[in-house]
Amino acid sequence: MDKIVIKGGNPLFGDVHVSGAKNAALPVLASALLTSGENTFHNIPDLVDIKTIKKLLISMGVQIEGNETCKVSAEKITSCDAPYDLVKTMRASILVLGPLVARMGVARVSLPGGCAIGARPVNLHIKALQDMGAHVELHNGYIEAKAKRLKGADIYFDIQTVTGTENIMMAATLAHGTTVLNNAAREPEIVNLAEVLKSMGAKISGAGTDVITITGVTSLQPVEATIIPDRIEAGTFMIAAGMTRGEINVMGCNPQHLEALINKLRDTGMKITAIAGGLKVSAGKKIHSVDLKTLPHPGFPTDLQAQMMAYLSIASGLSVIAETVFENRFMHVSELMRMGADILIQGGSAVVRGVPALHGAQTMATDLRASASLILAALVAEGTTEISRVYHIDRGYQGIEKKFSALGADIKRMAQ
Ligand code: UD1
């Protein structure tokens, strides 16, 4: 198992190029199950989670070639099973449920179970499929869903769910009649998926708003499509610029996807300007404390909460961070405190008192975004920090040590 070793103190300068969005690539790859010809997807990031979904699709008989440009052909589906071993390593495996029921009339997908950031149930995915006429049973930890042909329905999501919206949007493309998703999630990755489905021939309107209407068709055609840039990766580098007192050009990002973060970072004193092909991001004279609350898009993304907490741990003054999307997403707090941060958790909020400096320590990554926050903290800490369990970061950041190293960080990956 690898560890990352960082000697803190170098301000970061230069250009970094953002990879394709993990959370868009995952549903887009799953959407290939809806068509029987060869799809070509560009800008697929090289990540462990992408390898996991490819493995899952291949186990179902899907043919896949290539990496950044990926050809995916689901001519024949030989298995409609998503086994526990794959689903437990990546909850997003649930994204095969909707397409399989829609195309094959049957799916058997392991229930994901708990994870480090909370219970994360999939009850809303299941309820929506039942509303569309599927017969769903839970057996031995598996969701078993059957439907000759799904029927269009009015769906009300109690909570905005990203993969729930994607799963049911995919299922509805081949259903009989019209499906309306009310209180749908509005993330840019959902819009990317909807555009891909539309070019396959799906009839979808309203993606990007909280009401999405899908009128089912009898079949979809294969497509050539491109994945949007990863806004969470872009945001992590933007925060790194402010935190290390540097100046970074974050190239290839879409500023419209980053508005909540841009506003918050400006409030902390950072300068952010649009340049051709990206954003120029510079540290301010001082890091001002700010309060923030995570919310579904277009609110502040929960996937940047941990990184923002690392940043605010060296701000002047007191910041309150409220996490409202997941109930247990403060696993990084104890590790940041081992590096000298002063953070108090009160219910769903963290009170962060800025300290003048963080100190290097031995730390452990607990989940994907928590590990990004430890890297950021380590980049400014006095001395050396070791981060173990790096596999968490490889799930969602492509070549992270190479990208930070090219910006001037003293960062190495070492075998443990
Ligand atoms: C997706 C993202 C993840 C991000 C999250 C929130 C992917 C692959 N992952 O995860 O990076 O952190 O959105 O932006 O895109 N919920 C239920 N019942 C359900 C479904 C969800 O109660 O059936 C709850 C969850 O426990 C959570 C909230 O709804 O509290 C939002 O979760 P959701 O949007 O579904 O997260 P994911 O799609 O799993």
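Indexing begins at 1, ligand by ligand and atom by atom, following the structure's order. What you see is a predicted model; the values in this text were computed from it and never measured. Throughout, numbering of the chain's residues begins at 1 and tracks the sequence.
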Check this for me: [X], atom [atom1], are more than 12 non-hydrogen atoms of other residues, nucleotides or ligands nearer than 6.0 Å?
{"X": "H288", "atom1": "NE2", "value": "yes"}
{"X": "K88", "atom1": "NZ", "value": "yes"}
{"X": "R389", "atom1": "CZ", "value": "no"}
{"X": "Y84", "atom1": "OH", "value": "no"}

Residue [X] vicinity, atoms of ligand 1 by number, heavy atom under 4.0 Å:
{"X": "A92", "value": "8 (C)"}
{"X": "V122", "value": "19 (C), 23 (O)"}
{"X": "H125", "value": "23 (O)"}

Using a plain distance cutoff, I'd like to know if [X] has any nitrogen or oxygen under 3.5 Å from a nitrogen or oxygen of ligand 1.
{"X": "T302", "result": "no"}
{"X": "T161", "result": "yes"}
{"X": "R91", "result": "no"}
{"X": "E327", "result": "no"}
{"X": "F326", "result": "no"}
{"X": "N23", "result": "yes"}
{"X": "I159", "result": "no"}
{"X": "V325", "result": "yes"}
{"X": "P121", "result": "yes"}

Option with minimal heavy-atom separation from atom 13 (O) of ligand 1, where the choices are N167, L295, L193, V162: V162

Trace of the side-chain hydrogen bond (donor to acceptor under 3.5 Å, both in side chains) decision for S371 with H392: CA-CA 7 Å; S371 23; H392 284 295; 5.8 Å; no

Whether R329 lies under 4.0 Å from ligand 1, heavy atom: yes

Whether Q160 lies under 4.0 Å from ligand 1, heavy atom: yes

D303, portion touching ligand 1 at heavy-atom distance under 4.0 Å: side chain

Criterion side-chain hydrogen bond (donor to acceptor under 3.5 Å, both in side chains) on T302 and R329, from CA distance to verdict: CA-CA 9 Å; T302 175; R329 206 176 195 176; 2.8 Å; yes

Min side-chain heavy-atom separation S313-D342 under 4.5 Å: no

Intermediate values then yes/no, side chain to side chain contact (heavy atoms under 4.5 Å, CB included), Y156 and K127: CA-CA 10 Å; Y156 290 87; K127 162 90 170 40; over 6 Å; no

Check: F404 ring centre within less than 6.0 Å of F237 ring centre: yes

E189 versus H297, side-chain donor and acceptor atoms under 3.5 Å: no

